Amino acid sequence: MGRTADKIAHLRRIAAEHPEYGDVLLPFEEIFGYVDGKEAGTGIRFAVPEGNGAERVRGGLPLLSPEALSVDRDAATAFLSGLLGVMRRVGREGHADLDRIAGGLSGGSLDLASLYVACLTRKRDVLDQAAAALSVQAPLLAFVLEIPLKTAL
C-alpha cells in the first residue's frame with residue numbers, strides 16, 4: 001500500500017472511531033484521492049544535480065534547490081484546477097475564494113514558479129502579496145500551492 005493509500009486508510013479509521021470528525025476529514029480524504037498517482041502530472045519538475053546525492057546530503061547540502069524548480073504552466077494549471085474542483089465539491093465554505101484563485105490561474109495573474117519557490121523558501125511576503133491581489137486569505141493560497149509541491153516531491 002502506498003503512502004497516499006495509507007493516509008486515506010488512516011483518515012477513514014479516525015472518522016470511524018470519531019464520527020464527529022467526519023466532516024473535517026472528508027475533504028482531506030478527497031484531496032489525497034485526487035493527488036494519488038499524479039506525481040508526474042503536477043507540472044512541477046526539479047532538476048536533480050549531477051553527482052552523488054547521498055554525498056551532498058551528508059555534506060549538509062540539499063539534494064534539490066528552489067533554483068532547480070521548473071513549471072509547465074499548462075500542466076500545473078490543469079492540476080490545480082482539478083484540485084480546486086475537488087475542494088469546491090467537498091468544502092462547505094470558501095467557494096468564492098477558490099473561484100478567485102481559479103480566476104488568477106486562468107487569467108495568468110499567478111506566477112506559479114515564483115509562488116512555488118516562495119512556498120519552498122518560506123517567503124510568506126510573496127504569498128501574502130499574491131493572496132492580497134486575489135482577495136483571498138494567504139494561508140488558503142499557500143495550502144493550495146503546497147499540495148502539488150508535496151505531490152511532486
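As the structure is a computational prediction, the values presented were derived from the model and not from experiment.
- Distance check, rounded to the nearest 0.5 Å: CG of L140 to CD of Q137 gives 8.0 Å.
- The nearest pair of heavy atoms linking L105 to L110 is N-CD1, 4.0 Å.
- Between the OG1 atom in T42 and the CG atom in D72 there is a gap of 9.5 Å [rounded to 0.5 Å].
- Across R88 and A102, no two heavy atoms sit closer than the pair NH2-CB, 3.5 Å.
- Of the inter-residue distances, the one linking L134 atom CG with R100 atom CZ reads 8.5 Å to the nearest 0.5 angstrom.
- When side chains are defined from C-beta on, L145 counts as touching L112, because their heavy atoms get closer than 4.5 Å.
- Side-chain contact between Y21 and L11: absent, with no pair of heavy atoms (C-beta onward) separated by less than 4.5 Å.
- Residues F143 and L84 are members of one and the same hydrophobic cluster, defined by side-chain heavy-atom contacts under 4.5 angstrom among Ile, Leu, Val, Met, Phe, Trp and Tyr.
- Sorted by first and then second residue, the pairs that involve residues 79-125 and meet ring pair (Phe, Tyr, Trp, His ring centres under 6.0 Å), not counting sequence neighbours, are Y34-F79.
- The SG atom of C119 sits 4.5 Å away from atom CG of L127, with the distance rounded to the nearest 0.5 Å.
- Between the CD1 atom in I44 and the NZ atom in K150 there is a gap of 12.0 Å [rounded to 0.5 Å].
- Hydrophobic clustering (ILVMFWY, side-chain heavy atoms < 4.5 Å, transitive): L153 and V144 are in one cluster.
- Counting all heavy atoms, side chain and backbone alike, L25 lies closest to A15 at CD1-N, 3.8 Å.
- In this structure, R124 and A142 approach most closely via the heavy-atom pair NH1-CB, 3.7 Å.
- In terms of heavy atoms, P66 sits closest to T121 at CG-CG2, 3.5 Å.
- In this structure the side chain of V126 never reaches within 4.5 angstrom of the side chain of V117, judged on heavy atoms.
- S106 is not listed as a side-chain neighbour of T77, based on a closest heavy-atom distance of 4.5 Å or more.
- Rounded to the nearest 0.5 Å, atoms CZ (R89) and CG (L26) are 8.0 Å apart.
- Proximity of L69 to R45: side-chain heavy atoms (C-beta onward) are nowhere separated by under 4.5 Å.
- Atom CD of E93 has 12 or fewer heavy atoms from other residues, nucleotides or ligands within 6.0 Å.
- Side chains of E29 and V90 form no contact here, defined as non-hydrogen atoms less than 4.5 Å apart.
- Here the shortest heavy-atom pairing between S135 and D97 reads O-OD1, 3.8 Å.
- Between E30 and R12 there is no salt bridge, since none of the side-chain N atoms of the basic residue sits less than 4.0 Å from a carboxylate O of the acidic one.
- You'll find the side chain of I147 stays beyond 4.5 Å of the side chain of F32, heavy atoms only.
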Practice item. Using the side-chain contact (heavy atoms from CB on, under 4.5 Å) rule, take L120 and F46 through it: C-alpha gap first, then chi angles, then the decisive distance, then the call. Key: CA-CA 12 Å; L120 288 171; F46 287 92; 3.8 Å; yes
